[in-house]
Amino acid sequence: MARLIRVGENLNVMSRTLGPAMKARDPEPIREMARRQAEKKVDLMDVNIGPARKEGPELLPWLVETIQGAADLRLSLDTVNMEAMEAGIGACARPPLINSVSLQSSRFEKGIEMAVRTGADCIALLWSDQGMPRDANERAMHLVDFMQKAGEMGLPMERVWVDPIVTPVSVDTNQLVACLEFLAMVGEIAPGARTICGLSNVSNGVPDSLRPWLNRTFLVMLMHRGLASAIVDAFDDDITEIAAGGKANIVKLVGEMMEGRAPDMASLDGEETRYAKTVRVLTGESLYSDSWLDI
Ligand code: THG
């Protein structure tokens, strides 16, 4: 299977140690996290400061410079604060990803204009003034709309990374199925565009010890439908292995299940059994509960 580009998720303001370090402008914990992710061979790093309403325009360039002092990687600047985005891009040694630009009318033009002017790529989050898309077709309509408008403003499809929006398994598995179905349509709607998603969203709210099983299994499913890159936990070595094209037996098993062939559960080893059970939860075939691996 094709290799997946990994964007490390771990530099984020939600982190119990890094959030306070960002606030206090304490560079060492941030440098250390940048170095540790680079050691794990992520391809890019996401820099997530959340809304950062007041101090964003000063915080993000400081973070970018701090990170660049520790690791030489392309960055994905993750904020809805467009003033912070502008200042952050200005500090970047190489063109970053703008994470993200949605179809919400208040933000779309500012984001695309910034990408065109600065040479940054942009992540197209398929979210509109009407909120979350309901199914694969609504995502497809949003994408046509996005590419049409972005193209008119001078941003080619090759500079856009399409995000189908991954939602938590506990909310609605129909959304996960829609996300997979939509991914397979991107190549036709937007040839040359890349795809990306926030993988760990799928396990939000799930006990920490169980989250990796949902993340890993959904990643194999997304890659089966052609996903090109994902924002992932840099420290989950199984995710790294899957991204590099490993775990052939798991990839084959999950792929067959997605094509509608039920596995002979008795013939599976322990790891394969956990993946197979998790596929069933993610497709909605089994009901989600915190004990899905034990049943
Ligand atoms: N699409 C795009 N960007 C995104 C997302 C997306 N950025 C944010 C998010 N979703 C992807 N990044 C994360 C980062 C951390 C977690 C989930 C998604 C996470 N962290 C743990 C937690 O909150 O419990 C641990 C926090 C810590 O201590 O580091 O779950 O969908 N374009």
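Just so you know, residue 1 is the first one in the sequence shown, and it goes up from there. Indexing begins at 1, ligand by ligand and atom by atom, following the structure's order. These values consider heavy atoms only, across backbone and side chains, with no hydrogens, waters or symmetry-generated copies.
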Which of the numbered atoms in ligand 1 are under 4.0 angstrom from any heavy atom belonging to [X]?
X: Asn12; value: 14 (C), 15 (C), 29 (O)
X: Asn48; value: 8 (C)
X: Asp78; value: 3 (N), 4 (C), 7 (N), 8 (C)

Heavy-atom protein contact below 4.0 Å for atom 25 (C) of ligand 1: no
Test applied, salt bridge (charged side-chain N to carboxylate O under 4.0 Å, His left out); reference residue, Arg216; option that passes from Asp237, Asp236, Asp233: Asp236
At what distance is the nearest protein heavy atom to [atom], and which residue and atom is it?
atom: atom 5 (C) of ligand 1; value: Gly198 CA, 4.0 Å
atom: atom 13 (C) of ligand 1; value: Glu9 OE1, 3.6 Å
atom: atom 30 (O) of ligand 1; value: Arg211 NH2, 2.8 Å
atom: atom 29 (O) of ligand 1; value: Ser15 CB, 3.6 Å
atom: atom 10 (N) of ligand 1; value: Asn201 OD1, 3.1 Å

So for ligand 1, is [X] a polar contact partner (N or O within less than 3.5 Å, distance only)?
X: Asp163; answer: yes
X: Asn99; answer: yes
X: Asp208; answer: no

Test item: side-chain donor near acceptor, Ser286 and Arg280, under 3.5 Å: no
Asp43/Arg6 salt bridge by N-O under 4.0 Å criterion: no
Salt bridge (charged side-chain N to carboxylate O under 4.0 Å, His left out) between Glu55 and Arg25, worked out: CA-CA 11 Å; Glu55 52 169 8; Arg25 305 291 189 276; 3.3 Å; yes
Donor-acceptor under 3.5 Å (Arg139 side chain, Pro164 main chain): yes
